[in-house]
Colleague: 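Attaching a single structure in structure tokens format; questions to follow.
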Amino acid sequence: MDDQFRELYQEIILDHNRSPRNFGSLPDATHKLEGQNPLCGDRYVFYLKVKDGKVEDVRFEGKGCAISKSSASVMSEFIKGKKIEEIDDYVDLFQKIVRGELDPAEYMEKLGKLAVFAGVSEFPMRVKCATLPWHTLHNALHGKHDATVSTEE
Amino acid sequence: METMNVQKKSLEFDPNLYRQDFPILNTIVHGKPLVYFDNAATTQKPRMVIEQIVDYYQGMNANVHRAIHYLGEKATVAFEEARKKVAKFINAPSARQIVFTRGTTEAINLVATAWGEKFIGQDDEIILTEMEHHSNLIPWQLLAQKVGAKLRFIPFTPNGALDFEAFEKILNNKTRLISLTYMSNVFGTINPIKRIVRMAKDRGIPVLLDGAQSVPHLPTDVQQLDCDFLAFSGHKMLGPTGIGVLYAKMHHWENMNPYQGGGEMIQSVWLDRATWNEIPYKFEAGTPNIAGAIALGAAIDYLSKIGMEKITLFEQELTTYALNKLADLKGIVIYGNAAERGGVISFNLGDVHPHDLSHFLDQQGIAVRAGHHCAQPIMRKLDIAATTRASFYFYNTFEEIDYFVEQLKEAIEFFTP
């Protein structure tokens, strides 16, 4: 097995795929948005509870590949309790890291657990799997509520 | 399932005789020999087809049906020769009934526009099946919206076969067309076309066949099938991309509106009006894909030399062998189990998502397709997001299937705790 492939599917990603965190719905959500990748059929609904400019709680449900599901799971843990401005920063950083536009080595501390997705940049066809949750999160926080966003927009 | 007695070698057919004609089959992928199991998406090209494209551009490139010069004459003859080869390949009564298109999609759009807009109106009904590729669904949705017609669907059974009881119920005196796939690109089902055409003829309803998956793998005789239209693509039968075919019965061609306007399709043009060129040129506006058509002719030569009957039989052996081996895998679900089927196998393996699985297989050199296969309504009915699909051609081997099944076992190990 290729080392890059093993790095992509490292244990932490497989683990989040098997037992996704914050999986389910959130009845008192203030923001709800569906994100889908029409090319492969991955589809998730994200629920956010935002109060005083902070994401107090988050849930997600849906179906998809190990990369998209673990990305959603890790993201859900990561953003809980963070301010929207801070999350905006991470949306940008995460997308640049997985697209290979920034060197993850320089951002290790800031990335924390998100660093496990750095290996995605070696596989351009999987970038959209990893960014789907972040793309949807960004749209949910900035305007698009109760709708569907697509990776192909 | 009993696999001991499954025949591992075909007595009649040796794919290795042909593999050497396909340079791309020598590709090394991530350090492993390529196993190409994505033939339902597109097939690989033999040297003869690739060389035909080079020969065309090096030795006869000119526009067709226009120039009175050496190259123009040569290109026109070769282009028309290709049309005759296509006609013969599907046993069309005349080469005039063959119109070159960009592919199956354009061929179906041509019928929906040039025939459909003229003959289908408000409250008329078009019968499709629930197992259509988007290319035989969306053109009819567009037409239905435009003229106020209604789409009806023949459902598929859990086996992935057509439900004839339901079909008889939706057939009625408003039905103006039945358009369906000859062979499903998801289930591999070979639909009982003769039975459908017979039922349609009893009521005077024309039938369009989407032959994208069938023409490359089964002998095709449009006179015996008695279909009104047949659409198929060159690139799924060893030819280049961007070339396809629409066959229609002559009276349909004669009654159809033009499809696109432009050069080639006209006879006389004034500033405010025009008259149309003769069939088939009336339906081939603009400079066609000349090299593509000629190379499709070379692909047909190649297939005909082997013999379509032999290809069908060998692919059936491959498919039976693969289905038997796959049935032993833990957690496998195979979608489609019709009595008559071709070499297309869609499946899911436990909880492993098709994208993860196909990425894993790619690392082992195996090319399969993962996704909805341009048939989202099928996925919705099966309540799945996607499947993995392996699809064969005559250059695949029993050894490749063995390796594929081994790697599926490895994948289960890798993804399952």
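Below, chain A is the first sequence line, B the second, and so on; all start at residue 1.
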Colleague: Can you tell me which portion of Asp42(A) sits under 4.5 Å from chain B's heavy atoms? Options are side chain, backbone, both or neither.
Modeller: side chain
Colleague: So for Ile67(A), is it side chain, backbone, both, or neither that comes closer than 4.5 Å to the heavy atoms of chain B?
Modeller: both
Colleague: Compute both the distance and the angle, then confirm whether Lys110(A) meets the cation-pi test with Tyr90(A): under 6.0 Å from the six-membered ring centre, within 45 degrees of the axis.
Modeller: yes
Colleague: I'd like to know whether Phe392(B) forms a ring-ring contact (aromatic ring centres under 6.0 Å, His included) with Phe37(B), so could you lay out the CA-CA distance, the side-chain angles of the two residues, the decisive distance to 0.1 Å, and finally the verdict.
Modeller: CA-CA 6 Å; Phe392(B) 312 129; Phe37(B) 280 175; 4.9 Å; yes
Colleague: At a 4.5 Å cut-off on heavy atoms, which part of Gln376(B) comes close to chain A: side chain, backbone, both, or neither?
Modeller: side chain
Colleague: Tyr395(B) and Tyr36(B): aromatic ring centres closer than 6.0 Å?
Modeller: no
Colleague: So what's closer than 4.5 Å to chain B heavy atoms on Phe123(A): side chain, backbone, both or neither?
Modeller: side chain
Colleague: Taking only residues two or more places apart in sequence, or in another chain, which ones meet Lys80(A) in a side-chain contact (heavy atoms from CB on, under 4.5 Å)?
Modeller: Asn22(A), Asp57(A), Val58(A), Arg59(A)
